[in-house]
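Encoded as structure tokens, the structure appears first; notes follow it.
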Amino acid sequence: MIRYAHVLGLCAALGVAGIHAASAADYPTRTIQIVVPYAAGGGVDLTARVVAQQMSEDTGQSVVVINKPGASGVVGSQFVSSAKPDGYTLLLASGVTEATAPFILGQTSFDLMRDLTPVAEVAYGSEIVVVNPKFPAKTFGDLVTYIKQHPTTFRWGVGGLGTLEHLTITALDQRLGVKPVVAPYNGVAPATVATISGEINATLLPLAGAKGNLEAGT
């Protein structure tokens, strides 16, 4: 397995009202939404639910998680950037996707620096390469050898174009001098299912989102 870290953080729509609401002594007085710009079941989604539960206990208010996947995180990010800047609609962002989306997907309808403001760093996790247990590669070295031997038929799965996983896999393929197929999915959870079913050969997942399937041997 190959591992490295990434950071997840809460962001909010930028605006004077949001700043005042976040600093007011009586905040919060109603339900807070945490928007996850990816499909349910992935590492970001699981992190959001842990954060939501703790925030609810700390504030005494309901904190709900809303999944708005699409366009590699852009749909959810756009939703939050367009929300009323009152501190009640938050985005759990990976940072990488929001920063690289304009370069990978073209011009987006929101500007990370202009429309969103960071609130708190909430998680620092690892990513791992996973394969189906029936796949012949049992080590990362085996996987590299297999990719080199099957450079045009090997299929990577990623949780969306422009994501941290996509960029890492692209860098690895460039280093190996190969151009295998890269299949984008609408989040890491669908990519996980595709790996388990054998639809794709391998994918890169947040450790938190892969933990259950690793323990189950799938």
Side-chain angles (χ1 to χ4, degrees), residues 3-15 17-70 72-98 112 115-128 130 159-160 163-165 185-193 196 203-216 218:
R3 301 189 179 189
Y4 58 92
H6 71 261
V7 177
L8 298 177
L10 285 174
C11 300
L14 182 61
I19 295 173
H20 286 174
S23 60
D26 59 350
Y27 173 88
T29 59
R30 55 184 172 84
T31 299
I32 299 171
Q33 299 181 107
I34 297 180
V35 175
V36 174
Y38 308 105
V44 178
D45 178 67
L46 296 176
T47 300
R49 296 179 190 282
V50 172
V51 172
Q53 180 178 349
Q54 188 62 55
M55 284 181 64
S56 181
E57 293 175 1
D58 290 346
T59 63
Q61 294 291 334
S62 176
V63 182
V64 298
V65 176
I66 299 176
N67 296 88
K68 287 189 173 295
S72 302
V74 171
V75 171
S77 299
Q78 171 61 39
F79 177 83
V80 175
S81 69
S82 301
K84 184 179 180 180
D86 57 6
Y88 287 92
T89 303
L90 305 175
L91 173 74
L92 188 61
S94 65
V96 172
T97 299
E98 284 68 24
L112 177 68
D115 301 328
L116 296 172
T117 185
V119 174
E121 180 180 304
V122 299
Y124 188 82
S126 299
E127 299 265 340
I128 62 174
V130 295
T163 59
L164 176 63
E165 294 81 18
Y185 289 84
N186 198 19
V188 295
T192 302
V193 173
I196 293 172
T203 190
L204 186 63
L205 302 175
L207 180 58
K211 189 172 182 292
N213 285 302
L214 290 171
E215 293 176 344
T218 54

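Taking all atoms of both residues into account, the shortest heavy-atom contact from A48 to V36 is CB-CG2, 3.4 Å. What you find for A39 and P69 is that their closest heavy atoms are N-CB, 3.5 Å. Residue P190 comes nearest to G187 through the heavy atom pair CD-O, 3.1 Å, listed as atom of the first residue, atom of the second, then distance. Here the shortest heavy-atom pairing between I196 and T218 reads CG1-O, 3.5 Å. Minimum heavy-atom separation, P28 to T59: CG-CB, 3.7 Å. Taking each heavy atom of D86 and T89 in turn, the nearest pair found is OD1-N, 4.3 Å.
Inter-residue side-chain proximity for Q78 and P37 is flagged as unmet; no heavy-atom pair is nearer than 4.5 Å. Side-chain contact check for V80 versus L90: every heavy-atom pair is 4.5 Å or farther apart. Counting heavy atoms from C-beta outward, L214 and I128 have side chains that approach closer than 4.5 Å. Taking 4.5 Å as the limit, some side-chain heavy atom of Y88 sits within range of a side-chain heavy atom of T29. Looking at V188 and E127, their side chains never come closer than 4.5 Å, going by heavy atoms from C-beta outward. Inter-residue side-chain proximity for V122 and M55 is flagged as unmet; no heavy-atom pair is nearer than 4.5 Å.
A donor-acceptor distance shorter than 3.5 angstrom exists from the side chain of Y27 to the backbone of G87, with no hydrogens or angles considered. Without hydrogens or angle criteria, T31 side chain to V63 main chain gives no donor-acceptor distance under 3.5 Å.
Identified under the salt bridge (charged side-chain N to carboxylate O under 4.0 Å, His left out) test for residues 37-62, with sequence neighbours left out: D45-R49.
Remark: T192 OG1 to L205 CG distance equals 4.0 Å, nearest 0.5 Å. Note: S81 OG to D115 CG = 5.0 Å, rounded to the nearest 0.5 Å. Rounding to the nearest 0.5 angstrom, the gap separating the CD1 atom in I34 from the CG atom in N67 is 11.5 Å. The line from CD of Q33 to CG of L91 is 12.0 Å long, rounded to the nearest 0.5 Å.
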